[in-house]
Amino acid sequence: MKTFGLFLLGIKEYLILSLLIVISLILIFSNDNSQVRFLRAVAVGFVGTIQSTVSAVPNVFEIEKENEFLREKNIELSNEVSALKEARLENLRLTKILGLKERNISGVVIAKIVNKSLIQARNTITLNVGEADSIKVNMPVITDDGLVGRIVSTSSHYSIAQILYNRSLSISVKVQRSRVDGILNYDGAGNLVITNVPKSADVKTGDIIITSQYSNYFPAGVPVGTVVEEGNLDNLFKKVIINPLVVFSGLEEVFVLRHLPEMERLDLETLYFKK
Amino acid sequence: MDITSYLKSALILLVLIVIQLTFLSIISISKYNITPDLVIIMVIYIGYTRGHIAGMVSGFFAGLMLDILSGSFFGLAALSYSVAGFIPSYFSKPSGDKSKRSSMIGIIFLCTLVAYSIFFGVYFQGSSISFIDIFLRYVITTTFYTSVFGFIFTLISNRFDLSRSIN
């Protein structure tokens, strides 16, 4: 026993070292204890307070490097500002596009007008997007200002759209303010006329005209134009003339809405009216 | 060695811990914020002058304090500092030996190397960094930087006979 005691005394340093290592390992493995977390939170708070005070003193080795970095960053930011200025006009246009997207439930395809065919009352525009861009017949064509027309023909990379100033195009519309319904047509004489409006209907000059929910080809609520003239057509109906919101003369870009008529509804209505 | 001597050592260690955690970041180098370790120098010195037990006990408590105050891996500095405090006593030479002081830098280098190999080896467990990377980026840089300060410490120790003042 005495010999064992002497042996232990002889290796006491190693025993203490082993003990300390074991304690350290226990501490390491108890890192997720709530007590440890609390202790650490207090310690970090304490040290953080001191460190935030000391942080005012600059790092002597890093200060030159930091200056260099800031100079480079300054040049980089200057270039960025310059690029942003360059893109300003484009950004304005894109903002309009985004605003338009928010108004519509369908996706849009941006298209350039490659040709305008203004023959009498058959006004059409040719777009540089076609079936390859998922463009299909009867899709509405709009701009950020309002309704332009409807796709009537497509090829792989091009499509033709009737515009409002086309006699073949009839659109179910309504007065935004009073919800009065009517049918919009081009009269062939330079006017966009809303017909089927009862004489007693509440329509005033300046009213905004939008597409109606009765239209199967166009989504409801797309702005079309403003009333510029209203008068009596006959004893029963009014003649309402509107000015389109889209300025067709300067039109260069349009958007094709990926909105298609509900075929089931179309078929049913066609079948009914054929009877 | 009486209780006053222990208190002196504890006080010095405490001051060094506070300096280590507050002011040493001012002289940090490289993007990995490598700082010299003043606490480990003191622990090694205690181990060298007073033996295994004093070295490793002071290392353990100093490491524990650093763990608590730094908010890092709890218990890890205690483990590595205990080992760092245990090793130097193997190289102890009789007092007055001229070669003693010159070998101190080598001892600081070796003990710091061992301690930080343990520390960073465990600390970076589970990360994508290889041990070679850890060794080159953290262990060896900290060891060298600490050794530089160890050299300064040795010069001061030689000039003022620090072991006597602590004792």
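Keep in mind that this is a model prediction, so the values were computed, not measured. Below, all heavy atoms of this structure are taken into account, side chains as well, without hydrogens, waters or symmetry copies. Sequence lines set the chain letters: A, B, ... in the order given, protein chains first and strands last, and positions in each chain run from 1.
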(Q) Let me confirm one number: the CE-CD1 distance from Met56(B) to Ile16(A), rounded to the nearest 0.5 Å. (A) 5.0 Å
Q: Would you indicate whether Phe151(B), at its atom CZ, is surrounded by more than 12 heavy atoms from other residues, nucleotides or ligands within a distance under 6.0 Å?
A: no
Q. Closest heavy-atom contact between Ala78(B) and Ser24(A)?
A. C-OG, 3.7 Å
N/O donor to acceptor pairs below 3.5 angstrom from side-chain atoms of residues 110-121 of chain B, sequence neighbours left out:
{"residue": "Thr112(B)", "atom": "OG1", "partner": "Ile108(B)", "partner atom": "O", "Å": "2.5"}
{"residue": "Tyr116(B)", "atom": "OH", "partner": "Asp37(B)", "partner atom": "OD2", "Å": "2.4"}
{"residue": "Ser117(B)", "atom": "OG", "partner": "Leu113(B)", "partner atom": "O", "Å": "2.6"}

**Q.** Nearest-0.5 Å distance, CZ of residue Phe60(B) to CD1 of residue Ile21(A)
**A.** 10.5 Å
Q. Say you draw a straight line from CG of Leu27(A) to CG of Leu64(B); how long is it, rounded to the nearest 0.5 Å?
A. 6.0 Å
Q: Test side chain to side chain contact (heavy atoms under 4.5 Å, CB included) on Leu17(A) and His52(B) and set out the steps.
A: CA-CA 9 Å; Leu17(A) 178 68; His52(B) 291 296; over 6 Å; no
Q: State which residues pass side chain to side chain donor-acceptor pair (under 3.5 Å) with Thr154(A); sequence neighbours excluded, sorted by chain then number.
A: Glu131(A)
(Q) Within a 6.0 Å radius of atom CD1 on Ile132(B), are there more than 12 heavy atoms belonging to other residues, nucleotides or ligands? (A) no
(Q) Parallel, tilted or perpendicular, judged at 30° and 60°: which one describes the rings of Tyr14(A) and Tyr90(B)? (A) tilted
